[in-house]
Amino acid sequence: MHYWLFKSEPDEFSFQDLLHCDERRTVWDGVRNYQARNLMRDHMAVDDLAFFYHSSCKQPAIVGICRISATKVPDPSAFDTSSPYFDPKSDPSNPRWLTVEVCALEALSRPVTLKEMRQLEALADMTLLNNPRLSVQPVEASHWQCIVQRAET
DNA sequence: GCCAACGTTGGC
DNA sequence: GCCAACGTTGGC
């Protein structure tokens with residue numbers, strides 16, 4: 001059982017959008033970074049939990065919790081010529097971009113902002129604070145618990 | 001395989 | 001809108 005963090009720009013796809021999806025689930029498409037892909041493809045398991053983080057917005061923050069509901073899903077956008085994520089180098093018989101399906105569990109009681117996280121000593125070595133560009137990240141259990149508790153304060 | 005140039009991300 | 005950090009590309 002591992003913990004993760006998914007970043008999304010809320011103008012593109014917010015946690016609210018996920019809550020409104022059929023069965024609150026969606027295939028996490030569009031990741032075109034190998035480090036992020038490898039985490040999803042090689043390390044995620046069904047029932048792992050993940051934070052949903054809003055980036056590139058007025059209040060960057062962790063806003064919700066998701067569950068991984070399926071793994072090793074070929075990213076359909078890689079084969080969609082009308083998608084900005086179309087990748088002509090991805091062979092349908094050997095897809096380059098394997099992703100996961102995420103299912104919304106619940107919003108945090110309140111968002112835990114990036115600003116707030118930066119002030120917490122316990123989170124000093126969290127990936128989000130040190131490599132903010134990685135779009136899918138591992139989260140240590142201690143960091144997870146710290147943030148969940150924080151949201152209850 | 002190196003590395004400069006370029007593009008993208010994302011906080012501010 | 002700026003800019004630092006990082007990833008990718010492509011010539012050599």
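Just the heavy atoms: all of them, side chains too, but no hydrogens, waters or symmetry mates, feed the values below. Reminder, nothing fancy here: chain letters follow the sequence lines and each chain counts from 1.
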* Pair A:Asp47 + A:Arg67, salt bridge at N-O below 4.0 Å -> yes

* To do: For the side chain of A:Tyr34, starting at C-beta, report the closest nucleotide among B:dG11, C:dC6, C:dT8.
  => C:dT8

* To do: Name the nucleic acid region contacted by A:Leu134, choosing base, sugar-phosphate or nothing; use a 4.0 angstrom heavy-atom cut-off, strictly under.
  => nothing

* Structure fact -> When rounded to whole Å, the CZ to P distance for the pair A:Arg32 and B:dT9 reads 12 Å

* **Neighbour count >12 (heavy atoms, 6.0 Å) for atom CZ, A:Phe13** => yes

* Asked: Is A:Arg110 salt-bridged to A:Glu116, going by a charged N under 4.0 Å from an acidic O?
  -> yes

* Is A:Arg118 near enough to B:dC12 that one of its side-chain N or O atoms lies under 4.0 angstrom from OP1 or OP2? -> yes

* **Spacing of A:Glu12 atom CD relative to B:dT8 atom P, expressed in whole Å** => 14 Å

* Residue A:Asn33, side-chain atoms from C-beta onward, closest of B:dG11, C:dT8, B:dT9 -> C:dT8

* Nearest-Å distance for atom pair CG/P, residues A:Asn131 and C:dG7 -> 6 Å

* **Between C:dC6 (P) and A:Gln137 (CD): distance, integer Å** => 13 Å

* To do: Check the distance between B:dG11's P and A:Asn130's CG and give it to me in whole angstrom.
  => 14 Å

* Could you check how far CZ of A:Arg133 sits from P of B:dG7, rounded to whole Å? => 14 Å

* To do: Could you state the atom-to-atom distance from CD of A:Glu116 to C1' of B:dG11 in whole Å?
  => 17 Å

* Should the pair A:Arg32-A:Asp75 be classified as a salt bridge under the 4.0 Å nitrogen-to-oxygen rule? -> yes

* Asked: Do any side-chain nitrogens or oxygens of A:Tyr53 fall under 4.0 Å of OP1 or OP2 in B:dG11?
  -> yes

* Structure fact -> note: A:Leu129, atom CG; C:dC6, atom P; distance rounded to Å ~ 13 Å

